[in-house]
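Structure first, commentary second.
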Amino acid sequence: MTSKNEDKKGPIELGRLTFGARVRNYFLMGLVIAAPIGITIYITWAFIGWVDSTVKPYIPHIYNPDNYLPFSVPGVGLVFSFLILTILGFLTANFVGRSLLTFGEVLVGRMPLVRNLYNALKQIFETALSQKGKTFTKAAVVEYPRRGIWALAFVATETMGEVAHRIEDREKPGDDHEGYISVFLPTTPNPTSGFLLFVPRNDVIMLDMSVEDAAKLVVSAGLVTPKFITKNATEEDKPKAHKKFGSKGASKDVSPANDVASTDEDSKPKSKRMEVAE
């Protein structure tokens with residue numbers, strides 16, 4: 001039997017949502033579902049429209065379907081751009097095309113300002129689009145901007161060349177860094193800008209999450225966190241932690257810091273370990 005005070009409680013106090021709260025939750029749920037789809041469609045449609053408006057004026061009159069239909073066909077400019085770029089790549093793949101390309105690059109190389117812009121853009125596109133180009137393959141955390149503060153970074157490659165040589169010359173006799181790693185530390189919420197850091201290998205903690213999940217974590221400012229299972233933690237951190245902290249402190253330091261699963265020996269019951277010791 002309920003008391004008078006319980007009868008006076010509203011639906012929220014009884015664990016039920018009011019009509020307004022339900023409407024708000026349904027609205028937010030619909031926004032979460034519709035917003036990504038709508039924004040994706042809008043950006044895609046805007047890109048197709050921009051390409052069509054740029055390329056269609058240069059399409060021959062006989063090949064433009066807009067001249068034969070009562071309505072405009074979207075994507076025609078995008079299709080022609082794809083065909084033209086494919087043909088251009090085919091022509092430059094042979095000896096004559098490479099010779100013409102080399103001749104054109106020599107001419108551009110003699111222009112003071114244009115050559116700097118061309119070389120920079122060429123290197124960016126070759127790195128981003130070439131099948132042989134190196135991309136970020138691992139995500140990691142490094143201490144930045146000071147000790148005790150951790151930042152998410154993308155591993156680029158091992159530090160080489162003059163940078164590695166100059167840094168190693170400045171190392172103290174007792175330093176044992178096992179080389180340096182070049183990492184890109186992105187900014188939030190725009191991961192395309194950031195800082196290039198050269199970090200000692202021992203100070204880089206590799207993560208199991210993919211680069212895509214790490215990018216989502218950066219863009220969302222930590223609100224979208226990928227799922228993680230402790231037993232699937234990066235195995236390569238175990239020997240590194242063992243070497244850095246020793247056998248006594250390895251399991252103690254690795255588990256909270258790196259989320260590395262405990263070893264099989266630690267997972268055995270206490271009585272089992274005592275029998276083995278005896």
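Heads up: numbering here begins at 1 and tracks the sequence.
Looking at Thr188, its side chain does come within 3.5 Å of a backbone N or O of Val218 through a donor-acceptor pair. For Thr44 (side chain) and Ile41 (main-chain N/O), no donor-acceptor pair under 3.5 Å exists by modelled atom type. Of the possible polar contacts, one joining the Arg98 side chain to the Ala93 backbone as a donor-acceptor pair under 3.5 Å is found. Checking side-chain atoms of Glu143 against main-chain N and O of Gly148 turns up a donor-acceptor pair under 3.5 Å. Looking at Tyr68, its side chain never comes within 3.5 Å of a backbone N or O of Tyr63 through a donor-acceptor pair. When atom types are taken as modelled, the side chain of Asn64 and the backbone of His61 share no donor-acceptor pair closer than 3.5 angstrom.
Counting heavy-atom neighbours within 6.0 Å of Phe198 CZ, excluding the residue itself, gives a total above 12. Annotation: Phe82, atom CZ; neighbour count of heavy atoms from other residues, nucleotides and ligands within 6.0 Å does not exceed 12.
Tracing side-chain contacts under 4.5 Å through hydrophobic residues (I, L, V, M, F, W, Y), one reaches Leu152 starting from Trp150; they form part of the same cluster. The cluster map of Ile, Leu, Val, Met, Phe, Trp and Tyr, joined by side-chain heavy atoms under 4.5 Å apart, puts Phe195 and Val142 in the same cluster. No path of Ile, Leu, Val, Met, Phe, Trp and Tyr side chains, each step under 4.5 Å between heavy atoms, connects Met29 with Val32, placing them in separate hydrophobic clusters. Phe103 and Leu100 fall into different hydrophobic clusters, where Ile, Leu, Val, Met, Phe, Trp and Tyr residues are linked whenever their side-chain heavy atoms come under 4.5 Å apart, directly or through other members. In the hydrophobic clustering of this structure, Ile62 groups with Phe80; members are Ile, Leu, Val, Met, Phe, Trp, Tyr whose side-chain heavy atoms approach within less than 4.5 Å, directly or through other members.
Thr192 contributes atom OG1, which lies 7.0 Å from atom CZ of Phe184 (distance to the nearest 0.5 angstrom). Here the straight-line distance linking atom CG of Leu28 with atom CD1 of Ile33 works out to 11.5 Å at 0.5 Å rounding. Residue Leu117 holds its CG atom at 12.0 Å from CE of Met111, rounded to the nearest 0.5 Å. With rounding to the nearest 0.5 Å, the separation of CD1 in Ile43 from CD1 in Ile48 is 12.5 Å.
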Inset, instruction - Evaluate the side-chain contact (heavy atoms from CB on, under 4.5 Å) criterion for residues Arg24 and Thr18: first the C-alpha distance (whole Å), next the side-chain angles of each, then the deciding distance (0.1 Å), finally the verdict. - result: CA-CA 10 Å; Arg24 181 189 62 184; Thr18 62; over 6 Å; no
Inset, instruction - Apply side-chain contact (heavy atoms from CB on, under 4.5 Å) to the pair Leu217 and Val224, showing each step before the final yes or no. - result: CA-CA 5 Å; Leu217 186 62; Val224 179; 5.8 Å; no
Inset, instruction - Under the side-chain contact (heavy atoms from CB on, under 4.5 Å) rule, what do Tyr144 and Leu197 come out as? Steps first, then yes or no, please. - result: CA-CA 10 Å; Tyr144 182 88; Leu197 306 177; 3.8 Å; yes
Inset, instruction - Take Lys138 and Val204 through the test side-chain contact (heavy atoms from CB on, under 4.5 Å) and record every step on the way to the result. - result: CA-CA 11 Å; Lys138 294 286 293 183; Val204 179; over 6 Å; no
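Listed by first then second residue, pairs satisfying side-chain hydrogen bond (donor to acceptor under 3.5 Å, both in side chains) with a partner in residues 106-117 number zero, not counting sequence neighbours.
Closest of all the heavy-atom pairs between Pro186 and Ala153 is CD-CA, 4.1 Å. The shortest non-hydrogen separation linking Thr92 to Gly89 is OG1-O, 3.1 Å. When every heavy atom of Ala151 is checked against every heavy atom of Leu185, the shortest pair comes out as CB-CD1, 3.6 Å. Here the shortest heavy-atom pairing between Phe154 and Ala214 reads CE2-CB, 3.5 Å.
No hydrogens or angles considered: a donor-acceptor pair under 3.5 Å links the side chains of Tyr118 and Glu105. If you check the side chains of Thr157 and Ser182, you find no donor sitting under 3.5 Å from an acceptor. Between the side chains of Asn190 and Thr187, no donor N or O sits under 3.5 Å from an acceptor N or O.
Taking the side chain as every heavy atom from C-beta outward, Val199 and Tyr180 never approach each other to under 4.5 Å.
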Taking only distance into account, with no hydrogens and no angle test, what donor-acceptor pairs under 3.5 Å do side-chain atoms of residues 70-79 form with protein atoms, sequence neighbours excluded?
from: Ser72; atom 1: OG; to: Lys56; atom 2: NZ; distance (Å): 3.1
from: Ser72; atom 1: OG; to: Asp66; atom 2: OD2; distance (Å): 3.4

